[in-house]
Amino acid sequence: MRKMLKGLSILQIIIGILCAAVGIITLIMGNFMGNLANLPAEQQALSAILGLVSAVFNFCCGWCGLKGEKGNKKSLSVSVKLGWLCLIAALVSGGLALFGDVNMQRVCTVVASSVVPVLFLVSAKSVSKDL
């Protein structure tokens with residue numbers, strides 16, 4: 001499970017960086033992108049801000065997971081707590097994505113965005129039991 005936690009931690013860091021980039025681009029180009037996505041500006045701004053918050057949690061979760069994988073109990077405990085916050089943020093963001101127009105593509109996106117946090121939590125809890 002330590003290797004799985006390490007891999008998922010690295011993936012969390014990458015996801016955090018990508019979410020931050022997308023959130024910043026969305027905030028900068030909000031009006032143009034809103035017209036393409038047929039979303040109100042307020043909903044798009046809220047989604048971008050939640051994406052930035054999620055990016056911070058993902059990055060910190062991955063960082064603490066890497067440290068916890070090496071045996072640091074405090075970092076592992078923090079990574080589990082941040083993992084829960086990442087999962088909640090993914091579900092809230094997914095709920096906002098489904099607001100108004102529910103289709104199969106959006107449902108699959110919500111499910112896919114929740115897979116990594118769930119796997120991260122399972123592996124982090126398993127490693128914490130071993131310590």
Side-chain angles (χ1 to χ4, degrees):
M1 277 298 193
R2 285 182 184 261
K3 288 183 180 185
M4 183 174 169
L5 179 60
K6 184 176 182 178
L8 288 170
S9 295
I10 292 169
L11 187 59
Q12 287 277 52
I13 291 171
I14 293 169
I15 289 171
I17 292 169
L18 291 176
C19 284
V22 169
I24 290 169
I25 290 170
T26 301
L27 285 174
I28 291 171
M29 299 185 63
N31 192 28
F32 175 71
M33 292 175 71
N35 291 336
L36 292 176
N38 294 327
L39 295 175
E42 296 84 11
Q43 183 181 0
Q44 185 174 359
L46 180 61
S47 180
I49 290 170
L50 280 174
L52 288 172
V53 170
S54 177
V56 170
F57 285 128
N58 281 326
F59 186 82
C60 293
C61 186
W63 185 260
C64 290
L66 280 176
K67 292 172 84 177
E69 178 265 333
K70 295 177 182 172
N72 189 335
K73 289 183 183 183
K74 186 175 180 181
S75 291
L76 192 58
S77 174
V78 170
S79 70
V80 169
K81 291 172 186 167
L82 288 174
W84 280 108
L85 290 174
C86 285
L87 179 60
I88 291 168
L91 293 175
V92 168
S93 179
L96 287 174
L98 293 176
F99 186 162
D101 182 26
V102 179
N103 59 32
M104 194 59 172
Q105 179 184 4
R106 288 188 179 184
V107 171
C108 290
T109 301
V110 171
V111 171
S113 69
S114 301
V115 169
V116 172
V118 168
L119 290 175
F120 182 86
L121 280 171
V122 169
S123 63
K125 284 189 169 206
S126 176
V127 169
S128 69
K129 287 179 185 178
D130 291 342
L131 291 179

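None of the values given here were measured: they were computed from a predicted structure.
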Transitive ILVMFWY side-chain link L91 to V118, under 4.5 Å: yes

Not counting sequence neighbours, which residues clear side-chain contact (heavy atoms from CB on, under 4.5 Å) with V80? List them please. W84, L121, A124, K125

For residues 71-78, tabulate all N or O donor-acceptor pairs below 3.5 Å that involve a side-chain atom, not counting sequence neighbours.
{"from": "N72", "atom 1": "OD1", "to": "K74", "atom 2": "N", "distance (Å)": "3.2"}
{"from": "N72", "atom 1": "OD1", "to": "S75", "atom 2": "N", "distance (Å)": "3.3"}
{"from": "N72", "atom 1": "ND2", "to": "S75", "atom 2": "OG", "distance (Å)": "3.3"}

Residues forming a side-chain contact (heavy atoms from CB on, under 4.5 Å) with I17, sequence neighbours excluded: I13, F59

On a heavy-atom basis, the closest approach of L8 and S123 is CD1-OG, 3.8 Å

Is it the case that one hydrophobic cluster holds both L52 and W63, taking links as side-chain heavy atoms less than 4.5 Å apart, direct or via other members? no

Report yes if some heavy atom in the side chain of M4 is under 4.5 Å from a heavy atom in the side chain of L119; otherwise report no. yes

Just jot down the side-chain contact (heavy atoms from CB on, under 4.5 Å) partners of L85, sequence neighbours excluded, or say none. F57, L82

Can you see which heavy atom on S79 is nearest to which on G65, and at what distance? CB-N, 3.6 Å

Verify the cluster assignment for M1 and V115: are they in a single hydrophobic cluster under the rule of side-chain heavy atoms below 4.5 Å apart? yes

If I compare all heavy atoms of R2 with all of K70, which pair ends up nearest, and what's the gap? NH1-C, 4.1 Å

Determine the minimum heavy-atom distance between C61 and C86, stating which atoms define it. CB-SG, 4.0 Å

Quick one: closest heavy-atom pair of Q12 and N58, and the distance? OE1-OD1, 3.0 Å

Going from CG on L87 to OG on S113, what distance comes out if it is rounded to the nearest 0.5 angstrom? 9.0 Å

By side-chain contact (heavy atoms from CB on, under 4.5 Å) - contacts of S9 (at least two apart): L5, L66, F120

